[in-house]
Amino acid sequence: MPLNVLLTFLVGSALGWILAKLTKTPRHLQGIVIGCCSTGNLGNLLLIVFPDICDESNSPFSKLSTCSTDAEAYASLSMAVGAIFTWAYAYPLVSSYVIKNTEHSAIQSSEPSPDSCTEPLLSPSDSQISEDNSVVLELPLTNMQDGKKMSFKEKIAGCIKCITSKIDLEKVFVPSTVASIAGLIIGIVSPFRKVLIADNALLRVIDSSAALIGQAAIPSMTLIMGANLLKGLQRSEMSMVVILGVVAVRNICLPLLGIGVVQGAHHLGVVGSDALYRFVLMFQYAVPPAINVGTMTQLFKSGQGETSVILLWSYSVAAISLTLWSTLYMSLVSSSSTK
């Protein structure tokens with residue numbers, strides 16, 4: 001599942017980059033387009049959808065006695081992995097476009113006009129007058145003798161250092177990411193799980209309290225989502241062609257890709273015969289953009305209105321597309337399971 005979620009981020013960002021180039025999106029908005037195409041609202045929508053598909057009598061998962069338990073586990077894992085990739089992958093990607101555009105604007109604003117330039121282009125120390133009154137320029141020399149050929153390990157270490165230096169760890173390890181990592185550790189490490197999660201666990205009250213607080217997460221996220229979408233009713237610089245392109249990527253291209261990837265992995269034996277699990281893997285490709293993209297633009301104080309417009313249209317279309325894709329996904333997994 002983490003590999004599947006990572007694939008949605010990689011393919012979505014690639015499609016978003018192609019869309020931004022084809023539509024000639026302004027540079028300060030390209031990061032928003034790529035971020036909306038790459039990130040998905042994974043966990044919250046899964047937690048909303050699964051209670052219905054597990055309880056319906058005509059659902060292919062209604063006969064599973066562990067449907068609700070497995071569905072909650074899959075949705076929680078999707079939410080955790082999605083939160084980690086959103087802030088570890090999408091946030092540096094979006095911020096790079098905002099930072100480059102800010103630096104470019106700052107350079108342009110600091111450049112003096114040709115009429116106001118009064119200083120000489122060359123200082124007296126950079127030029128000498130020869131005997132025939134001709135000017136001889138002295139260019140600075142570069143010492144090439146100290147240059148050594150780097151080994152392959154040194155190049156890899158340099159690339160890793162360059163990448164890590166551009167990642168803001170304070171933004172990557174936001175509370176949602178830290179909570180996701182902590183939850184994964186508790187669920188994987190058996191001693192922690194027995195102390196916190198078991199029915200007779202000594203510290204079960206911590207798990208109960210966290211679950212009680214977590215029940216308010218979906219209503220809270222719904223309110224936040226509504227507040228962010230409200231800004232989409234205002235004017236923005238984002239063209240309708242770009243908005244329709246993002247909607248097409250999230251609601252047509254990625255869901256179709258999800259069918260090919262999951263069905264191909266099932267055919268090759270990489271994914272087992274669990275119909276609910278395969279449904280979750282395909283569903284991860286069909287969700288609308290993550291609300292965290294709007295949070296990123298609020299941190300940058302740039303492109304908030306444009307992001308809200310994209311989210312407004314994406315979630316409006318997703319209300320219909322998710323129903324259609326879910327129906328198709330359930331028919332696919334049920335037909336392959338009967339075979």
**Request:** Could you state whether I320 and M282 fall into the same hydrophobic cluster, counting links through intermediate Ile, Leu, Val, Met, Phe, Trp or Tyr residues with side-chain heavy atoms under 4.5 angstrom apart?
**Result:** no

For this session: Would you please indicate if the ring centroids of F300 and Y91 are separated by under 6.0 Å?
Result: yes

Query raised in the report: Hey, does the side chain of R250 reach the backbone of Y315 with a donor-acceptor pair shorter than 3.5 angstrom?
Result: no

Taken to the nearest 0.5 Å, the spacing of S209 OG from I206 CD1 works out to 7.5 Å

Here the gap from D274 atom CG to H266 atom NE2, rounded to the nearest 0.5 Å, amounts to 10.5 Å

Check your understanding: Heavy-atom distance under 4.5 Å between the side chains of K194 and L202, does that happen here?
Key -> no

Any donor-acceptor pair under 3.5 Å from Q30 side chain to T25 backbone
yes

- With a 4.5 Å limit on heavy-atom distance, are the side chains of V242 and S239 in contact? yes

Before you tell me yes or no, could you show the steps for C253 and L15 under side-chain contact (heavy atoms from CB on, under 4.5 Å), namely the whole-Å CA-CA distance, both residues' side-chain angles and the distance that decides it to 0.1 Å? CA-CA 9 Å; C253 299; L15 293 176; 4.1 Å; yes

Closest non-hydrogen atoms of G31 and V94, given as atom of the first, atom of the second and distance, are O-CG2, 3.4 Å

Distance-only, no hydrogens or angles: does the S95 side chain make a donor-acceptor pair with backbone N or O of P92 under 3.5 Å? yes

Nearest heavy-atom contact between R278 and V271 is CG-CG1, 3.5 Å

Got I259 and P255 here, is their nearest side-chain heavy-atom distance under 4.5 Å? no

Do the rings of Y89 and F9 sit parallel, tilted or perpendicular, given the 30° and 60° boundaries? perpendicular

Check: I197 main-chain N/O paired with R204 side-chain donor or acceptor under 3.5 Å = yes

As a quick check of understanding, evaluate side-chain contact (heavy atoms from CB on, under 4.5 Å) for T8 and L254, giving each step before the final call. CA-CA 7 Å; T8 63; L254 286 178; 5.6 Å; no

Within the distance-only criterion (no hydrogens, no angle test), does the side chain of W325 pair as donor or acceptor with the backbone N or O of N251 below 3.5 angstrom? yes

Is the shortest heavy-atom distance from the side chain of M1 to the side chain of V81 under 4.5 Å? no

* To do: Indicate yes or no: at least one non-hydrogen side-chain atom of R27 is less than 4.5 angstrom from one of Y97.
  => yes

Task: Y277 and Y74 aromatic centres sub-6.0 Å - done: yes

Interatomic distance, CG@L7 vs CD@Q284, rounded to 0.5 Å, equals 10.5 Å

| message | Walk me through whether V33 and M238 qualify under side-chain contact (heavy atoms from CB on, under 4.5 Å). | response | CA-CA 9 Å; V33 174; M238 195 70 69; 4.2 Å; yes

Nearest heavy-atom contact between A286 and L322 is O-CD2, 3.3 Å

Tightest non-hydrogen contact, residues T86 and G82, listed as OG1-O, 2.6 Å

One should read off an interatomic distance between T307 OG1 and I32 CD1, to the nearest 0.5 angstrom, of 3.5 Å

Query - Same apolar cluster (I L V M F W Y, side chains within < 4.5 Å links), V270/L6 - result: no

Linked, directly or transitively: I18 and V241 (ILVMFWY side chains, under 4.5 Å):
no

Do V5 and P2 have side chains that get closer than 4.5 Å, going by heavy atoms? no

Rounding to 0.5 Å, atoms CG (L19) and OG (S13) come to a distance of 12.5 Å

With the 4.5 Å side-chain cut-off for hydrophobic clustering, are I185 and V178 part of the same group? yes

Exercise for the section: Please test N292 against T295 for side-chain contact (heavy atoms from CB on, under 4.5 Å), starting from the C-alpha separation and ending with a verdict. Expected result: CA-CA 5 Å; N292 285 330; T295 305; 4.1 Å; yes

query = Where the side chain of S326 meets the backbone of T323, is there a donor-acceptor pair that is under 3.5 Å apart?
reply = no

Rounded to the nearest 0.5 angstrom, the CD1-OG1 distance for I34 and T39 is 11.5 Å

When every non-hydrogen atom of L311 is compared with those of A290, the smallest separation belongs to CD2-O, 4.1 Å

For S321 and A318, the nearest pair of non-hydrogen atoms, with its separation, is OG-CA, 3.2 Å

Quiz item: Do I291 and V293 belong together in a cluster built from hydrophobic side chains that touch within less than 4.5 Å?
Solution: no

Query - Short side-chain to backbone donor-acceptor contact, S38 and G35, under 3.5 Å - result: yes

*Modelled atom types, side-chain donor and acceptor of N4 and Y285, under 3.5 Å*: yes

